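Quick note: residue numbers are just sequence positions, from 1. Quantities reported herein were computed from a predicted structural model and do not represent experimental measurements.
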Amino acid sequence: MGAMQRRKGAAGEREWCELLRAAGFTDAQRLLGQARDGGGDVPLPPMLWAVKRYNKIAVRRWLDQAEHSMLQYKQDGCNVPAVAMREDGRKEWMVLLRAEDFLTLLRMKA
């Protein structure tokens, strides 16, 4: 990985930590040396965040579609667009949410 990619990754990790701290998760901080050690980027139990920044993310289109579709169901109480996805050949499902929606749901649990 080149220096530019490392700087971009570190900037993304700092930005994610700032967002978490602004949402009240004051313990959020980057793990230094994680790229060398092969670990996660931001530990915040019960989660270990792997932070990724890309020029273009294919799943963005899916989330945009879910957000657009949600508008017709708002009156039914559907106000959080979410995408459930599973890669062919894999058994586990993944869920994609906007960060602000995820943090709102996380705070509701607490």
Side-chain angles (χ1 to χ4, degrees):
M1 178 184 314
M4 188 173 104
Q5 288 88 359
R6 284 192 302 273
R7 283 192 301 273
K8 182 178 175 181
E13 293 163 14
R14 284 190 297 273
E15 185 179 335
W16 180 243
C17 286
E18 288 170 16
L19 183 113
L20 289 171
R21 286 192 293 267
F25 300 95
T26 57
D27 293 340
Q29 63 181 19
R30 298 174 56 223
L31 283 176
L32 300 178
Q34 78 280 9
R36 177 191 67 234
D37 301 335
D41 298 319
V42 179
L44 190 61
M47 298 187 168
L48 175 60
W49 293 100
V51 179
K52 306 294 183 195
R53 279 189 48 194
Y54 291 93
N55 183 23
K56 228 176 196 179
I57 302 175
V59 294
R60 178 73 240 182
R61 182 172 32 98
W62 299 342
L63 191 56
D64 288 344
Q65 181 183 8
E67 191 170 1
H68 178 74
S69 298
M70 178 194 68
L71 297 176
Q72 66 188 17
Y73 294 96
K74 271 198 163 210
Q75 72 275 5
D76 297 327
C78 297
N79 55 10
V80 177
V83 177
M85 55 193 163
R86 184 179 63 79
E87 186 179 359
D88 291 344
R90 304 285 300 249
K91 291 184 180 184
E92 69 275 356
W93 282 85
M94 297 179 291
V95 174
L96 175 66
L97 299 168
R98 297 178 301 195
E100 62 267 18
D101 292 330
F102 172 75
L103 292 169
T104 297
L105 293 169
L106 193 59
R107 282 192 295 268
M108 289 171 58
K109 182 185 179 286

If Ile, Leu, Val, Met, Phe, Trp and Tyr residues are connected whenever their side-chain heavy atoms lie under 4.5 Å apart, and connections chain through other members, are W93 and M47 in the same group?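 Each belongs to a different hydrophobic cluster.
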Examine V51 and V95 and state if one hydrophobic cluster contains both, with Ile, Leu, Val, Met, Phe, Trp and Tyr joined whenever side-chain heavy atoms are less than 4.5 Å apart. yes
Looking at every heavy atom in both [X] and [Y], which two are closest together, and how far apart are they?
{"X": "A66", "Y": "A82", "result": "CB-O, 3.8 Å"}
{"X": "A99", "Y": "W16", "result": "CB-CZ3, 3.7 Å"}
{"X": "R53", "Y": "K8", "result": "NH1-O, 3.6 Å"}
{"X": "L63", "Y": "P81", "result": "CD1-O, 4.0 Å"}
{"X": "C17", "Y": "V42", "result": "SG-CG2, 3.6 Å"}
{"X": "L103", "Y": "A23", "result": "CD1-CB, 3.8 Å"}

Could you tell me the separation between the [atom1] atom of [X] and the [atom2] atom of [Y], rounded to the nearest 0.5 Å?
{"X": "F102", "Y": "R107", "atom1": "CZ", "atom2": "CZ", "value": "10.5 Å"}
{"X": "R7", "Y": "Q5", "atom1": "CZ", "atom2": "CD", "value": "9.0 Å"}
{"X": "R60", "Y": "D64", "atom1": "CZ", "atom2": "CG", "value": "4.0 Å"}
{"X": "M70", "Y": "D101", "atom1": "CE", "atom2": "CG", "value": "7.5 Å"}

Answer yes or no: is there a side-chain heavy-atom contact under 4.5 Å between [X] and [Y]?
{"X": "L97", "Y": "L105", "result": "yes"}
{"X": "L20", "Y": "D27", "result": "no"}
{"X": "V83", "Y": "V59", "result": "no"}

Notebook entry, point to check: Under 3.5 Å, side chain of D41 to main-chain N/O of E13, donor-acceptor pair present?
Noted result: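 No, D41 side chain to E13 backbone: no donor-acceptor pair under 3.5 Å.
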| query | Take atom CD in Q29; do more than 12 heavy atoms of anything else shown fall under 6.0 Å from it? | reply | no
| request: Could you tell me whether R90 atom CZ has more than 12 heavy atoms of other residues or ligands within 6.0 Å of it? | output: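 For R90, atom CZ is not crowded (no more than 12 foreign heavy atoms under 6.0 Å).
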